[in-house]
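Chain A is the first sequence line, chain B the second, and so forth, proteins listed ahead of strands; every chain is numbered from 1.
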Number of protein chains: 2
Amino acid sequence: MKEELVKQIRKLTQQHAYTSLQMHEAVARKAGLSGTDHKYLGFLLEKGEMTAGDFAKATGLTTGAVTGLIDRLEKKKFLSRHFAEGDRRKVLLKPNTGLIMTLLIPLYEEFRRETENLISSFSISEIKVIERYFSQALAIMNQRIEILSQPDANE
Amino acid sequence: MKEELVKQIRKLTQQHAYTSLQMHEAVARKAGLSGTDHKYLGFLLEKGEMTAGDFAKATGLTTGAVTGLIDRLEKKKFLSRHFAEGDRRKVLLKPNTGLIMTLLIPLYEEFRRETENLISSFSISEIKVIERYFSQALAIMNQRIEILSQPDANE
DNA sequence: CCTAAATATCTTAGGCGCTAAGATAACTGT
DNA sequence: ACAGTTATCTTAGCGCCTAAGATATTTAGG
């Protein structure tokens with residue numbers, strides 16, 4: 001029965017998402033961070049140097065929350081604050097890439113290797129199938145998020 | 001280059017997990033729940049009636065946290081408390097399945113349909129590839145969580 | 001220039017959800 | 001029957017969030 005197989009796969013993808021989250025939090029704990037801080041630190045690392053305000057926009061947090069987030073990350077030396085040249089109101093966040101890498105890479109490297117080995121164990125055409133699944137699943141979810149985030153008509 | 005393709009897929013799976021979480025939270029907001037409460041409500045619904053203590057064990061929360069969680073869910077009529085027959089210390093949690101379904105199904109149904117359509121668009125052998133990927137990825141992550149959750153040797 | 005408005009960040013007050021520790025109530029075994 | 005165990009709840013305190021407003025700096029208009 002293809003139908004049953006389909007339902008089974010759908011549940012599997014759900015579990016996959018849940019387990020990813022668990023792992024992300026396990027990494028955070030090991031690194032001495034909260035899940036929240038780990039998430040946003042990864043974000044900053046990816047985007048590179050940015051101002052506090054841009055960070056707030058990028059994360060969707062309020063400016064107050066970002067101030068607290070930066071405080072916590074700064075206290076742990078994961079980033080430093082600098083006033084922007086030319087506009088002393090702006091606070092530039094400079095990630096301490098070295099420290100972050102030193103701390104996080106050992107926690108992720110083996111996982112990354114295992115995952116890449118897993119993917120490599122498929123043939124090119126199989127990988128393309130997996131790619132097609134993920135790309136389309138992503139599109140579906142992003143569309144759904146957009147719909148869900150629109151305010152209700154009656155309010 | 002297969003290597004580059006592999007790296008690309010790995011990033012795609014990361015993004016997939018992140019986006020799943022975003023969608024889960026968007027659903028929660030729409031249902032008037034926190035992401036946390038939505039997560040655990042789904043849990044209760046899946047497992048069915050259980051005691052508060054079992055709920056704590058199942059979720060990994062402390063009993064105090066579970067008391068608060070139950071309070072919030074009870075206030076919103078998502079469940080009711082009943083003393084267990086034969087042991088009046090135990091509190092049985094009875095999910096209000098009707099209300100939960102009424103509230104959540106409209107938020108998920110279209111997504112589920114779209115996802116199942118997506119999966120169905122693959123051939124049986126392609127679906128087996130996807131299944132193989134997810135099963136093995138899950139195993140890798142669960143193993144990693146276990147390793148990460150072990151206390152460090154030097155502490 | 002000088003000042004009003006705009007902008008960028010920080011601070012404060014208050015809420016939610018968590019843990020750890022201990023209180024309360026009910027059960028169990030000898 | 002009562003000491004110990006078990007199940008849940010309560011309390012104190014912390015972390016992280018929002019909303020609102022304070023502070024400091026820049027920009028624009030007269």
Side-chain angles (χ1 to χ4, degrees), chain A residues 21-22 24-26 28-29 31-44 47 49-76 78-95 149 151, chain B residues 21-22 24-26 28-29 31-44 47 49-76 78-95 149 151:
Chain A
L21 178 59
Q22 296 300 108
H24 189 268
E25 285 183 357
R29 265 194 304 282
L33 290 167
S34 71
T36 295
D37 288 6
H38 179 202
K39 170 171 149 192
Y40 294 129
L41 183 59
F43 207 89
L44 178 62
K47 304 284 180 181
E49 203 167 312
M50 66 199 304
T51 68
D54 290 343
F55 198 32
K57 273 191 203 101
T59 58
L61 296 173
T62 58
T63 62
V66 161
T67 297
L69 172 58
I70 296 171
D71 285 348
R72 294 192 300 277
L73 293 176
E74 190 179 39
K75 196 182 298 181
K76 290 175 178 159
F78 287 124
L79 58 76
S80 49
R81 283 174 158 107
H82 303 273
F83 287 113
E85 291 184 44
D87 188 343
R88 294 177 37 77
R89 293 168 308 176
K90 291 188 180 171
V91 168
L92 269 178
L93 307 178
K94 209 178 150 185
S149 302
Chain B
L21 178 60
Q22 297 299 109
H24 189 267
E25 285 184 356
R29 264 193 304 281
L33 290 167
S34 71
T36 295
D37 288 5
H38 178 204
K39 170 170 147 191
Y40 294 127
L41 183 60
F43 206 90
L44 179 62
K47 303 285 179 181
E49 203 167 312
M50 65 198 307
T51 67
D54 290 343
F55 198 33
K57 273 191 203 101
T59 57
L61 295 173
T62 60
T63 62
V66 161
T67 297
L69 171 59
I70 296 171
D71 285 347
R72 295 191 300 275
L73 293 175
E74 191 179 37
K75 196 182 297 181
K76 289 176 177 161
F78 288 124
L79 58 76
S80 49
R81 281 176 159 106
H82 304 274
F83 287 113
E85 291 183 43
D87 190 342
R88 293 176 39 75
R89 290 169 308 179
K90 290 188 179 171
V91 168
L92 269 178
L93 307 179
K94 210 177 148 183
S149 302

Step by step, work out the side chain to side chain contact (heavy atoms under 4.5 Å, CB included) result for B:L93 and B:L73. CA-CA 10 Å; B:L93 307 179; B:L73 293 175; over 6 Å; no
In whole angstrom, give the distance that lies between atom CD of A:E74 and atom P of D:dC16. 16 Å
Answer yes or no on whether A:K47 is positioned over the face of A:F43, meaning its NZ or CZ is under 6.0 Å from the six-membered ring centre and within 45° of the axis. yes
Measuring from A:F83:CZ to A:L92:CG, what's the distance to the nearest 0.5 Å? 10.5 Å
Atom CZ of A:R29 and atom C1' of D:dG15 are separated, to the nearest Å, by 15 Å
Shortest non-hydrogen pair, B:S149 vs A:A26, comes out as OG-CB, 4.4 Å
Nearest whole Å is fine: how far is C:dT9 P from A:D71 CG? 13 Å
I need the minimum non-hydrogen distance between A:E25 and A:G35, along with the two atoms involved. CG-CA, 4.5 Å
Using whole Å, what does the distance between atom C1' of nucleotide D:dA7 and atom CZ of B:F83 come to? 11 Å
Under 3.5 Å between N/O atoms: give me all the protein pairs with nucleotides 23-30 of chain C, atom names plus distance.
residue: C:dC27; atom: OP1; partner: B:R88; partner atom: N; Å: 2.7

Does a nitrogen or oxygen in the side chain of A:R81 sit under 4.0 Å from OP1 or OP2 of C:dT9? no
With a 4.0 Å cut-off on N to O distance, would you call A:R81 and A:D71 a salt bridge? yes
In B/S/- notation, 5' to 3', how is nucleotides 13-20 of chain C contacted by protein heavy atoms closer than 4.0 Å? ----SSB-
Please report the shortest heavy-atom distance between B:I70 and B:A52, naming the atom on each side. CD1-CB, 3.8 Å
Between A:K76 (side chain) and A:G32 (backbone), is there a donor-acceptor pair under 3.5 Å? yes
Separation of D:dT6 P from B:D54 CG (nearest whole Å): 14 Å
Starting from C1' on D:dG15, measure out to CD on A:E25 and report it in whole angstrom. 14 Å
Roughly, in whole Å, what's the span from CD1 in A:I70 to C1' in D:dC16? 14 Å
Could you list the residues that satisfy ring pair (Phe, Tyr, Trp, His ring centres under 6.0 Å) with A:H24, not counting sequence neighbours? A:H38
Measure from NE2 on A:H82 to C1' on C:dA8 and round the result to the nearest Å. 17 Å
